[in-house]
Every structure is written in structure tokens, then in C-alpha cells.
Peer 1: 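Take a look at this one; I'll ask things after.
As the structure lists them, so they are numbered: ligands from 1, and atoms in each ligand from 1.
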Amino acid sequence: MKDIVSYLRPYRGKVVLAIAMVAVSTLCNLLLPTIMSSIVNTGVYGADFPYIVRCCAAMLLVALVGLGAVLLGAKTSSQVVADFCADLRRDIFQKVHTLTFEEFGAMGTAALVTRSTHDIETVSWVASMLSGTVATIPVLFLGGVLLALRKDTVLSLLLLCFIPALFVVVVLIGRRIDPLWKKSDDYTDRQNDIMRERLWGIRVIRAFNKEPHEQERLADATRVMAENIIRANVHMGAVAPLALFIFNAAAVVIVWVGSARMEMLGAPSAGDIFAIVQYIALVMNGVLMASFAIVMFPHAKVAAGRIAQVTNAKGSADQAPEEEAVFRGDIDLEHVTFRYDDADEPAVSDVTIHIRAGQKVSVIGGTGSGKSTLVQLLLAFRAPTQGTIRFDGREDWSARTIRRNISAVLQKTAIYSGTIRDNLLMGDPGAGEERLREAARIAQISTFIEGLDQGYDHELIQAGKNLSGGQKQRLNIARAVLKNAPIYLFDDSFSALDFLTEARLREELNTGMAGRTRIIITQRVTSAMDSDCIFVMDQGRLVGQGKHRELLESCPIYREIYASQTGGEQV
Ligand code: ADP
Ligand code: MG
């Protein structure tokens, strides 16, 4: 909570102004019954018409001042709340970029989305409510009670008894609501999670006719969420009638006691009783507003806690500055082992690989053999559990420097909404038309792009849903080709291409990228065959290395893969 409140610091001045304005308007509200009671006491009893007119003018003036203060206060506080939320959103967004993959996995995408939408809205809602009440309460309370005391001590003491009653009722209800909100927030996360998964896999769900099943899964989460929200709201709904009841009871008691005292002692006057009843209304109203804020406060606390989870995440050490260095392209892995946090077995065990600058090497292995994990280690997405990875003989490069020097096509392709040009230029924002076309040509996608009505300005939709798997893969390759780097990394990047396209692409890459270090990760022998060196992975271990012919002789697993793909004939 403290962390979130600290976001208000830059707006201190405005916060003070808003509070001051609320205080002024509250004071004006308090003055009105006082003037009203003088009208009754002096003007009506004394039949002094000019006095009544003067008092009415004064009331009008006070009301106008109050109105001005309310408007200015509301404007300032809504500005502060909007800026405050914008700052929070910005920080969450930036933080998400620095999260390690472990933190990412632990929080989950759905939760991160809820943090930056629903949770921030809750905080802002409560913040604006608090900003309206924080100054009202003490002013109303003190002012109301002081003014009442001036009129009649006994009656004001009665008033003082009713206020705590209202307070206790509200706080008791608030306590019961707190856990309900927390639970409903957790289920909002869950609901988002299922919804996301569902939308993501909608085709598979339909193909397997699993809509009813999915409906049920979502309905379950929604039901629990709804139950909690409904219960919370029912509790909250009880607050207003209870408050009204307490207020009216107070008014009845005060009028009754007041008239009894008036008959016996001649004081208070009718005007005084009238004023005190109005004070009760004001004070009770203030207490009610405050109690709503108090009731909502736990909700905001939950939301703030969830936001803080993100903003306080450690993030990765990736933030070390990028160095200008351009790698030669030597890569050395020494006894590299990596185990995922939640896994029992390492995904990569004791792998030692030496790659010289300018070499074209392949890593081959079945699914789950640790190839993509190796890519993540090379790109410094994750750090080896044991062992070292050196580029050009040095192991302490910052992650950003390493990534600047590697142009990678990841197994999971990524297309962003925008034009084809936008997507390709991510590889090199400064590239001209000429190079753009060249990259597309090498990636075997230029014919497709040029056949489109808009060509390179063709709009892609998010995640490239208007593209086939092979088109997405080739766009990702073109993007990587456009990035001028000493090291190129292709993780299973040809898997969705037919053999002919792949052969052409390989040929283009061989000429276009000659002299650069190239690492081709694949399951196909044909993609690996012509490499300077092939590394064979099996269950996270390196089980063979050498040229195609050597491996056929020496490595049974390689021979097996080869046989399974070619039917055993020697090429
Ligand atoms: P490949 O790319 O060769 O198919 P991966 O490197 O993707 O293999 O996976 C190697 C092993 O690591 C697999 O057993 C897989 O289940 C496991 N693995 C991959 N990603 C994760 C992850 N994020 N958390 C836990 N285990 C993972
Ligand atoms: Mg893989």
C-alpha cells in the first residue's frame, strides 16, 4: 500500500488544493443551517423582514462559494487520480518488460492483464472516493459538533452518541466484506485465464466439440466470482438503510428531547432544534461517506497489493547497459547445465560446444531434447544452472549486448499488429526499401508479399492470424535476416516450410550469410546435413558431434534419426 501511495508524491500540491477545496465546501454546508436558524430565531420570531432578506443573501453567497469549491476540488482531484493511474500503468508496463521468465510464469499473463486494468481501476475508484471524503469527515465532524454545542449542549451530546453507533455498524460490515473482495479478485484472474486460453484455442475446442465443457469451466469460475461479488454488495447494500435508520432515530430523539427542554427551560429555541437536526443530517452523511470509503478501502488494498506484486518484482539483471561491441562470432559452451525451476531433471545437462566465428553448425534432436532451452541460454533469457557460456572468449557480457549481436528466429513465431513493413523493420528500423526487399527475397516470402494488394503495407492482425504457419515463419526469418548481426540463430524455423521452399531458403542463406556464425536448430537431417559441424542432442545431453558422414558412422542416435527420415537410404 505504501508503495502505491508514494505515487501521489509528485502531485502533493494538487492533493492539498483538492483537500482544501473540499474543506471549504464542507464549511459552507455547515454555515447554512446556522444562518437558517438565525432566520427562524431572529427574523421569524421578531418579524424582521429585512433581516430575513439579508440572511437569504448571505445563504446564497455561501452556497455559491461552496459550489465553486466543489467544482474546483472535483476537477483537481480527478486530475490527480487520472495522472496517478497513468503513472501506475506506465510502471507496470515497463516492469513487465523486465520480468524474468520465472516471474512471468509465476504470475501468469491473465494476472498481469488484470493488474494493469481491473486493479488499477479499483485503486483509482477508491482514491477518488477517498479524495472526496478525507477532508470532509474531520471538518464536518468537528464543525458540526462545535456548532451544535453552541446551540445546546445536551442535544449535541445526544448527537455524539449516534455517530459511533453508525461507525460501528459500518466497520463491522466492512470486516465481513474484505475476504469476499479478495476471493472475487482471485477468481477474476482465473476467469481471465480460462477466457484467454479459450480464445487462444478456440479452433481446437470446436474441432473436438468441447464447447460445453469449456463453457462449464468458465461458468464455474464466473459463478464463484459472482457469488462473492453479490455477497459483498448485499452487505454493502445494508449500510445505507441502517444509516438512514440511525439518522432518523437520532432526529426523532433530538426533536423529542429538544421540545421537552424547550417547554421546561425555554431553551433551545425552535431555530436551534432545526439547526441541530440539519447538523445531524450533515454529519451522518459525512460518516456514511467515510464508511463507504472504509468499506472500499480493503478492496483497494487487495488491488494495491496485487499491483505492488508486479512493481516490486525483482526483474532480471538484463538492465545492464548495452555495449557497442560487435562480436567476432566465437561461441563456447563449457559444461552447461540448466534445470527449470519446477522440473526434476535438467533440460540441458553438461553440454560442451565450441563454435568458431563464421561456422555454420546445426543442433539436431527430437522434441524435448533441450534444443530450445539451449537457444534461451544463448540469448541470455535464462542463466545456466552450472557451466559458462562465452562469446568471443568473454562470459560477462550484458544480456542486451548479447542480444544485439544475435539475430534469432525463435521456434514460437511472433507477428505484431501493424503492416508487414512494420514487422520486418523490427529487425533494423533504419533499413531502406532495397534491403527490405532483399531480406524478403532471401526468406522466400517476397512473391507472397508482392502479390498482396497493399504489398509491404499489408495490415497484419495481432498474432498474424491472417497468415499461414509457413508465412509467419518466413516473415520471422526475413525480420532476422534484416538485422545485421555476427551471429544468426534459427530455432526450428523451417519446420512449417515444404522441402522445396526450405532447400531454396537454405541456399539463399548459405550465400547471403556466408562468413557469419550460424546456428541452425532442427529436427530434420536435411536441414543439418551440409553444416560444418552437427551437434546431436538427446534428453538434454550432447550425444555426438561431427560432420554428417562421421556421425552416420559414430553416432547411433543420429543414424536412427537419419534412417527414420530417409527410409535408411544413404545420400
Ligand atoms: P526442444 O526444443 O528440443 O523440443 P525444449 O528445450 O523446448 O526441447 O524442452 C526441453 C525440456 O524442457 C522438455 O522436457 C520440456 O518439457 C522442458 N521445458 C521446456 N520449457 C520449460 C519451462 N518453461 N518450464 C519447465 N520445463 C520446460
Ligand atoms: Mg524446441
Side-chain angles (χ1 to χ4, degrees), residues 96 98-112 193 196-197 200-201 313-316 318 331 333 335-353 355 361-387 389 399 406-414 469-470 472-474 476-477 480 487-497 502 518-528 531 533-545 551 555 557-558 560-562 564-565:
V96 166
T98 71
L99 292 184
T100 63
F101 287 89
E102 285 80 7
E103 289 169 331
F104 225 82
M107 283 188 232
T109 319
L112 286 173
D193 223 353
R196 242 181 63 84
E197 210 178 84
W200 195 252
K314 273 228 303 295
S316 57
D318 290 10
I331 305 170
L333 286 82
H335 302 290
V336 170
T337 297
F338 178 81
R339 194 171 57 78
Y340 287 103
D341 276 347
D342 50 0
D344 299 331
E345 296 289 314
V348 168
S349 337
D350 196 24
V351 168
T352 299
I353 287 179
I355 302 168
V361 303
S362 293
V363 178
I364 194 168
T367 48
S369 58
K371 306 185 299 295
S372 293
T373 308
L374 211 55
V375 170
Q376 296 198 38
L377 292 171
L378 284 171
L379 285 168
F381 287 162
R382 299 181 189 264
T385 321
Q386 272 165 36
I389 300 177
I406 300 181
S407 181
V409 183
L410 301 181
Q411 179 168 19
K412 198 170 161 206
T413 55
K472 271 189 273 192
Q473 241 174 17
R474 280 176 288 164
N476 275 262
I477 295 172
I487 300 168
Y488 286 85
L489 190 54
F490 299 92
D491 184 3
D492 245 337
S493 313
F494 313 130
S495 58
L497 306 184
E502 189 200 334
R518 282 150 292 161
I519 306 173
I520 289 152
I521 302 212
T522 180
Q523 302 189 35
R524 289 188 193 164
V525 173
T526 43
S527 315
S531 303
C533 187
I534 303 170
F535 299 94
V536 187
M537 300 270 300
D538 184 49
Q539 295 181 6
R541 298 184 174 277
L542 188 64
V543 293
Q545 58 180 298
L551 283 171
C555 180
I557 292 190
Y558 187 77
E560 219 172 87
I561 298 174
Y562 179 74
S564 72
Q565 291 176 7

Peer 1: Walk me through it: do Val536 and Asp538 pass the test side chain to side chain contact (heavy atoms under 4.5 Å, CB included)?
Peer 2: CA-CA 7 Å; Val536 187; Asp538 184 49; 5.8 Å; no
Peer 1: Using a strict cut-off of 4.0 Å, indicate which atoms of ligand 1 neighbour a heavy atom of Asp342.
Peer 2: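 Matching atoms, with element in brackets: 24 (N), 25 (C).
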Peer 1: By the definition side chain to side chain contact (heavy atoms under 4.5 Å, CB included), identify the one residue from Gln473, Gln523, Glu502 that meets it with Ser495.
Peer 2: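 Answer to the side chain to side chain contact (heavy atoms under 4.5 Å, CB included) test with Ser495 among Gln473, Gln523, Glu502: Gln473.
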Peer 1: Could you pull out the N/O/S protein atoms under 2.8 Å of the Mg ion (ligand 2), ignoring any water?
Peer 2: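 Protein N/O/S atoms under 2.8 Å of the Mg ion (ligand 2): Ser372 OG, Gln411 OE1.
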Peer 1: Among protein heavy atoms, which lies nearest atom 18 (N) of ligand 1, and at what distance?
Peer 2: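 Residue, atom and distance for the closest contact: Tyr340 CE1, 3.2 Å.
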Peer 1: Over all heavy atoms of both residues, which pair between Ala528 and Thr522 is shortest? Give the atoms and the distance, please.
Peer 2: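 Residues Ala528 and Thr522, closest heavy atoms: CB-CG2, 4.0 Å.
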Peer 1: Any nitrogen or oxygen of Thr367, main chain or side chain, under 3.5 Å from a nitrogen or oxygen of ligand 1?
Peer 2: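 So ligand 1 has no N or O lying under 3.5 Å from an N or O of Thr367.
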Peer 1: Under 3.5 Å, sequence neighbours excluded: what are the donor-acceptor pairs made by side chains of residues 363-378?
Peer 2:
residue: Ser369; atom: OG; partner: Gly366; partner atom: O; Å: 2.7
residue: Lys371; atom: NZ; partner: Gly365; partner atom: O; Å: 2.9
residue: Lys371; atom: NZ; partner: Gly366; partner atom: O; Å: 2.9
residue: Ser372; atom: OG; partner: Gln411; partner atom: OE1; Å: 2.6
residue: Ser372; atom: OG; partner: Asp491; partner atom: OD2; Å: 2.8
residue: Thr373; atom: OG1; partner: Tyr340; partner atom: OH; Å: 3.0
residue: Gln376; atom: OE1; partner: Arg382; partner atom: NE; Å: 2.8

Peer 1: Could you see which bit of Ser372 sits under 4.0 Å from ligand 1, with heavy atoms only: side chain, backbone, both or neither?
Peer 2: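 Both the backbone and the side chain of Ser372 come within reach of ligand 1.
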Peer 1: At a 4.0 Å cut-off, with the gap strictly under it, does some heavy atom of Gly370 reach an atom of ligand 1?
Peer 2: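 Yes; Gly370 lies near enough to ligand 1 that a heavy-atom distance drops under 4.0 Å.
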Peer 1: Indicate yes or no for a side-chain donor-acceptor contact from Thr337 to the backbone of Asp350 under 3.5 Å, with no hydrogens or angles considered.
Peer 2: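 Yes; at least one donor-acceptor contact below 3.5 Å.
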Peer 1: Is any heavy atom of the protein nearer than 4.0 Å to atom 15 (C) of ligand 1?
Peer 2: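 So atom 15 (C) of ligand 1 lacks protein heavy-atom neighbours under 4.0 Å.
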Peer 1: Does ligand 1 have a heavy atom under 4.0 Å from the side chain of Asp492, from its backbone, from both, or from neither?
Peer 2: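 No part of Asp492 comes within reach of ligand 1.
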Peer 1: Do any N/O atoms on Ala347 end up under 3.5 angstrom from N/O atoms on ligand 1?
Peer 2: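 No, Ala347 has no N/O under 3.5 Å of an N/O on ligand 1.
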Peer 1: Which atoms from ligand 1 have a heavy atom of Gly366 less than 4.0 Å away?
Peer 2: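 Going through ligand 1 atom by atom, the ones under 4.0 Å from Gly366 are 3 (O).
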Peer 1: Run the side chain to side chain contact (heavy atoms under 4.5 Å, CB included) test on Val96 and Phe104 for me, step by step, so that the C-alpha distance in whole Å, both residues' side-chain angles and the decisive distance to 0.1 Å come before the verdict.
Peer 2: CA-CA 8 Å; Val96 166; Phe104 225 82; 3.8 Å; yes
Peer 1: Look only at the side chain of Asn476 and the backbone of Ala414, and say whether a donor-acceptor pair between them is shorter than 3.5 Å.
Peer 2: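 Side chain of Asn476 to backbone of Ala414, a donor-acceptor pair under 3.5 Å: yes, one is there.
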Peer 1: Contact between ligand 1 and Ser369 is defined here as a heavy atom of the residue under 4.0 Å from a ligand atom; is it met?
Peer 2: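 Within the 4.0 Å threshold, so yes.
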Peer 1: Just do the side chain to side chain contact (heavy atoms under 4.5 Å, CB included) check on Thr385 and Val348 with the steps written out, would you?
Peer 2: CA-CA 9 Å; Thr385 321; Val348 168; over 6 Å; no
Peer 1: Just to be sure I read this right, does ligand 1 sit under 4.0 Å from the backbone of Arg382, its side chain, both, or neither, counting only heavy atoms?
Peer 2: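 Contact part for Arg382 vs ligand 1: side chain (C-beta onward).
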Peer 1: Starting from atom 4 (O) of ligand 1, locate the nearest protein heavy atom and write down its residue, its atom name and how far away it is, to 0.1 Å.
Peer 2: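 Result: Gly368 N, 2.7 Å.
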Peer 1: Check Ala480 against Ser407 and note the closest heavy-atom contact, atom names and distance.
Peer 2: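 The pair with the smallest heavy-atom distance is O-OG, 2.6 Å.
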Peer 1: Are the side chains of Phe494 and Ile477 in touch, meaning some heavy atoms are under 4.5 Å apart?
Peer 2: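 Phe494 reaches Ile477 side chain to side chain.
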Peer 1: Yes or no, since that's all I need: does a protein heavy atom fall within a distance strictly under 4.0 Å of atom 8 (O) of ligand 1?
Peer 2: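 Under the 4.0 Å cut-off, atom 8 (O) of ligand 1 does have protein heavy-atom neighbours.
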Peer 1: Sub-3.5 Å donor-acceptor pair from the side chain of Thr352 to the main-chain atoms of His335, do we have one?
Peer 2: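 Checked: pair present.
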Peer 1: Would you say that more than 12 heavy atoms from the other residues, nucleotides or ligands in this model lie under 6.0 Å from the CZ of Arg524, or not?
Peer 2: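 Yes, the 6.0 Å shell around CZ holds more than 12 heavy atoms from other groups.
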Peer 1: Passes side chain to side chain contact (heavy atoms under 4.5 Å, CB included), Tyr558 versus Ile534? Steps please.
Peer 2: CA-CA 10 Å; Tyr558 187 77; Ile534 303 170; 3.5 Å; yes
Peer 1: Name the closest protein heavy atom to atom 6 (O) of ligand 1, giving the residue it belongs to and the distance to 0.1 Å.
Peer 2: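 Atom 6 (O) of ligand 1 sits closest to the protein heavy atom Thr373 OG1, 2.5 Å.
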